[in-house]
Amino acid sequence: MAPSIPTEQYAQVFEKNGGPLEYKKIPVAKPAPDEVLVNIKFSGVCHTDLHALNGDWPLATKLPLVGGHEGAGVVVAKGNLAQDIEIGDHVGVKWINGSCLACSFCQQSDEPLCAHALLSGYTVDGSFQQYAIAKAAHVARIDKSIPLDAIAPVLCAGITVYKGLKESGARPGETVAIVGAGGGLGSLACQYAKAMGLQVIGIDTGEDKKKMVTGELGAETFIDFAKSTNLVKDVQAATADGLGPHAVLLVAVNEKPFQQAAEYVRPRGTVVCIGLPAGAYLRAPVFESVIKMVTIKGSYVGNRKDTAEALEFYRRGLIKAPYKVVGLSELPMVYEKMRAGAIAGRYVLDTSK
Ligand code: NAD
Ligand code: ZN
Ligand code: ZN
């Protein structure tokens with residue numbers, strides 16, 4: 001029996017960058033031929049959603065906008081071109097909502113680089129609502145054995161850090177520094193890194209994050225950036241031979257670490273930039289970067305294959321990310337804590353509350 005779909009639903013909407021957020025009823029959209037309508041059960045809150053609300057980046061958001069791009073739910077309607085997906089399937093509405101599938105980047109599965117990519121919760125309405133639209137070709141396929149609240153943070157944070165770790169080229173047994181280890185992306189990065197056989201140096205601040213990072217997330221070392229008087233030295237000293245980590249994953253929301261990482265990475269090491277602090281610039285000393293043969297690169301979400309792989313790590317029980325569930329109506333509280341850097345792990349919104 002086809003599920004009954006209401007004409008109206010609750011959503012978190014803002015009319016202009018900077019807010020305010022309004023929790024209110026809006027119409028439920030109908031899927032185009034190549035789209036699905038997803039009854040979002042849970043949505044993670046990524047720092048990107050806060051950047052979108054703030055208008056932090058040199059890329060305009062749609063306005064008014066429903067944010068959110070870690071939406072886990074159930075397909076309730078589909079267009080007639082959506083052939084390989086059924087009503088009742090569990091899917092994820094992720095950052096890449098759709099792409100042209102025809103340009104040279106899409107042809108080589110680099111769909112995040114597609115100039116026509118649609119971005120959930122940024123250029124199209126996202127998952128901070130009970131019913132969201134996404135292109136059928138792009139929704140993440142979620143195995144029904146996986147709880148939808150737990151998988152929500154994987155749909156952006158997990159995919160992104162998994163991809164970033166692959167981009168780093170770090171191999172089992174090597175060491176990766178995760179900068180911002182106590183946040184949403186960082187907490188998952190620690191888990192994926194462990195699952196990939198890497199040793200982890202977690203960098204963040206505060207006792208809660210330290211406890212989580214070295215406890216349940218399994219990092220070998222934690223360095224508190226607010227307490228360290230010489231971060232470069234401390235990070236290098238945390239590796240067995242004192243030469244520094246083979247890779248650095250920058251998932252922090254401040255500029256400073258983007259200007260330090262090239263100094264402590266190991267010779268021939270790789271710095272992977274993932275965090276997107278507003279107006280920030282990278283900096284690296286030319287002399288040391290050259291004679292150490294350092295690689296510095298950006299990494300942007302993941303493609304459909306990275307998505308399937310990142311979810312498979314979860315299904316196999318290799319990933320267990322920390323998250324707290326609150327109601328969709330409580331999004332402003334989550335943003336307040338996020339601004340203060342006071343979230344260890346992720347908040348997940350239950351759209352029924
Ligand atoms: P978050 O707020 O959950 O976590 C950020 C963490 O960085 C916090 O724990 C904070 O304490 C820590 N931090 C702040 N300053 C630091 C410093 N100097 N050194 C070390 N740690 C520091 O944010 P999140 O949801 O994990 O997102 C992180 C960033 O990644 C955001 O800018 C977001 O937009 C970006 N992002 C990028 C991609 C991509 O594809 N490249 C995808 C998702 C998110
Ligand atoms: Zn995100
Ligand atoms: Zn394309």
Side-chain angles (χ1 to χ4, degrees), residues 43-52 54 56-57 67-71 94-96 98-122 126-127 152-164 167 177-189 201-206 208-210 212-213 222-226 228 231 235 248-261 272-278 280 297-303 306 321-323 334-335 337-347:
S43 177
V45 185
C46 177
H47 209 110
T48 290
D49 299 311
L50 182 55
H51 290 302
N54 292 347
D56 276 344
W57 298 338
H69 58 275
E70 289 183 346
K94 55 187 180 47
W95 178 247
I96 303 295
S99 73
C100 79
L101 299 176
C103 72
S104 65
F105 295 111
C106 283
Q107 282 183 23
Q108 60 188 27
S109 307
D110 250 344
E111 60 251 19
L113 303 182
C114 175
H116 306 289
L118 305 171
L119 311 176
S120 303
Y122 205 93
S127 56
V154 175
L155 293 168
C156 172
I159 295 165
T160 301
V161 299
Y162 171 65
K163 172 71 160 186
E167 289 284 320
I178 295 170
V179 187
L185 266 65
S187 56
L188 276 155
I201 302 171
I203 306 172
D204 210 308
T205 191
D208 283 0
K209 290 178 184 171
K210 176 179 179 180
M212 179 182 79
V213 169
F222 181 85
I223 299 172
D224 192 319
F225 71 83
S228 169
L231 193 82
V235 176
V248 182
L249 225 61
L250 288 163
V251 290
V253 287
N254 285 312
E255 183 177 35
K256 190 158 180 205
F258 288 77
Q259 306 191 337
Q260 291 172 322
V272 183
C273 305
I274 294 176
L276 293 160
K297 64 195 316 197
S299 186
Y300 182 39
V301 288
N303 64 16
D306 301 315
Y323 65 96
V334 176
Y335 282 153
K337 283 191 193 290
M338 193 175 262
R339 279 195 186 94
I343 301 176
R346 234 343 166 229
Y347 268 95

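Counting from 1, the numbers follow the sequence of the chain as shown. Start at 1 and go down the list; that is how both ligands and their atoms are numbered. Just so you know, these numbers come straight off a predicted model, no measurement behind them.
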> In the protein, what heavy atom is nearest to atom 3 (O) of ligand 1, and what distance, to one decimal place, separates them?
Replying inline: Gly184 N, 2.9 Å
> ligand 1 versus Cys156, non-hydrogen atoms closer than 4.0 Å: side chain, backbone, both, neither?
Replying inline: side chain
> How far is atom 30 (O) of ligand 1 from its nearest protein heavy atom, and which residue and atom is that?
Replying inline: Gly275 CA, 3.4 Å
>> Could you identify the single nearest non-hydrogen protein atom to atom 36 (N) of ligand 1 and state the distance to 0.1 Å?
In response: Thr48 OG1, 3.7 Å
> Of the backbone and side-chain N, O or S atoms of Cys100, does one lie nearer to the Zn ion (ligand 3) than 2.8 Å?
Replying inline: yes
> Atoms of ligand 1 less than 4.0 Å from Val179 heavy atoms?
Replying inline: 19 (N), 20 (C)
> Taking only heavy atoms of Trp57, which atoms of ligand 1 are found under 4.0 Å from at least one of them?
Replying inline: 34 (O)
>> Check for me whether Arg346 has a heavy atom closer than 4.0 Å to any atom of ligand 1.
In response: yes
>> Atom NZ of residue position Lys256 - does it have more than 12 heavy atoms of other residues, nucleotides or ligands inside 6.0 Å?
In response: no
> When you look for heavy atoms under 4.0 Å from ligand 1, do you find them on the side chain of Tyr347, its backbone, both, or neither?
Replying inline: neither
> Which word best sums up how the rings of Tyr122 and Trp57 line up, parallel for under 30°, tilted for 30 to 60°, or perpendicular for over 60°?
Replying inline: parallel
>> If I take atom CG from residue Leu250 and atom CD1 from residue Ile274, how far apart are they, to the nearest 0.5 angstrom?
In response: 8.0 Å
> Which of the listed options, Asp49, Val251, Leu185, holds the heavy atom that is closest to atom 28 (C) of ligand 1?
Replying inline: Val251
>> Among all protein heavy atoms in this structure, tell me which lies nearest to atom 6 (C) of ligand 1, with the distance rounded to 0.1 Å.
In response: Asp204 OD2, 3.8 Å
> What atoms of ligand 1 come closer than 4.0 angstrom to any heavy atom of Tyr300?
Replying inline: 40 (O), 41 (N)
>> Out of all atoms in ligand 1, which are within 4.0 Å of some heavy atom of Gly183? Include the element for each.
In response: 3 (O), 4 (O), 9 (O)
>> Below a 4.0 angstrom heavy-atom separation, can you tell me which part of Thr160, side chain or backbone, both or neither, approaches ligand 1?
In response: side chain
> How close do Tyr300 and Pro112 get, heavy atom to heavy atom, and via which atoms?
Replying inline: CE2-O, 3.3 Å
>> If I compare all heavy atoms of Cys114 with all of Phe105, which pair ends up nearest, and what's the gap?
In response: N-CB, 4.3 Å
> By number and element, which atoms of ligand 1 are closer than 4.0 Å to a non-hydrogen atom of Lys209?
Replying inline: 8 (C), 9 (O), 10 (C), 11 (O)
>> With rounding to the nearest 0.5 angstrom, report the CD1 to CD distance, Ile96 to Glu111.
In response: 7.5 Å
>> Within the 4.5 Å heavy-atom criterion, are Leu231 and Ile203 side-chain neighbours or not?
In response: yes
> Which heavy atom in Arg339 sits nearest to a heavy atom in Asn54, and how many Å separate them?
Replying inline: NH2-OD1, 3.7 Å
> Is ligand 1 less than 4.0 angstrom away from at least one heavy atom of His51?
Replying inline: yes
> Any idea which atoms of ligand 1 are less than 4.0 Å away from a heavy-atom of Gly182?
Replying inline: 9 (O)
> What protein heavy atom sits nearest atom 19 (N) of ligand 1, and how far away is it?
Replying inline: Phe225 CD2, 3.2 Å
> From Trp95 CH2 over to Thr160 OG1, what is the distance, rounded to the nearest 0.5 angstrom?
Replying inline: 10.0 Å
> Out of Asn254, Val161, Ile274, who gets a non-hydrogen atom closest to atom 41 (N) of ligand 1?
Replying inline: Ile274
> Between Leu249 and Leu185, is any pair of side-chain heavy atoms under 4.5 Å apart?
Replying inline: no
>> How about CG on Asp110, more than 12 heavy atoms from neighbouring residues, nucleotides or ligands closer than 6.0 Å, or not?
In response: yes
> Quick one: which ligand 1 atoms are inside 4.0 Å of a heavy atom on Ile203?
Replying inline: 20 (C), 21 (N)
>> Report whether any nitrogen, oxygen or sulfur of His69 sits less than 2.8 Å from the Zn ion (ligand 2) (N, O or S, backbone or side chain).
In response: yes
> What is the minimum heavy-atom distance between Ser299 and Val272, and which atoms define it?
Replying inline: CB-CG1, 3.6 Å
> Angle subtended at the Zn ion (ligand 2) by SG of Cys46 and SG of Cys156, to 10 degrees?
Replying inline: 130°
> Can you tell me how far the CZ atom of Arg346 sits from the SG atom of Cys156, to the nearest 0.5 Å?
Replying inline: 6.5 Å
> Side chain or backbone of His47 under 4.0 Å from ligand 1, or both, or neither, by non-hydrogen atoms?
Replying inline: both
> Do you know which two heavy atoms are closest between Cys106 and Ala102, and how far apart they sit?
Replying inline: CB-N, 3.7 Å
> Which bit of Ala252 gets closer than 4.0 Å to ligand 1, counting heavy atoms only: side chain, backbone, both or neither?
Replying inline: both
> Of all the non-hydrogen atoms in the protein, which one sits nearest to atom 40 (O) of ligand 1, and at what distance?
Replying inline: Val301 N, 2.7 Å
>> A side-chain contact here means heavy atoms from C-beta on lying under 4.5 Å apart; do Lys163 and Val301 qualify?
In response: no
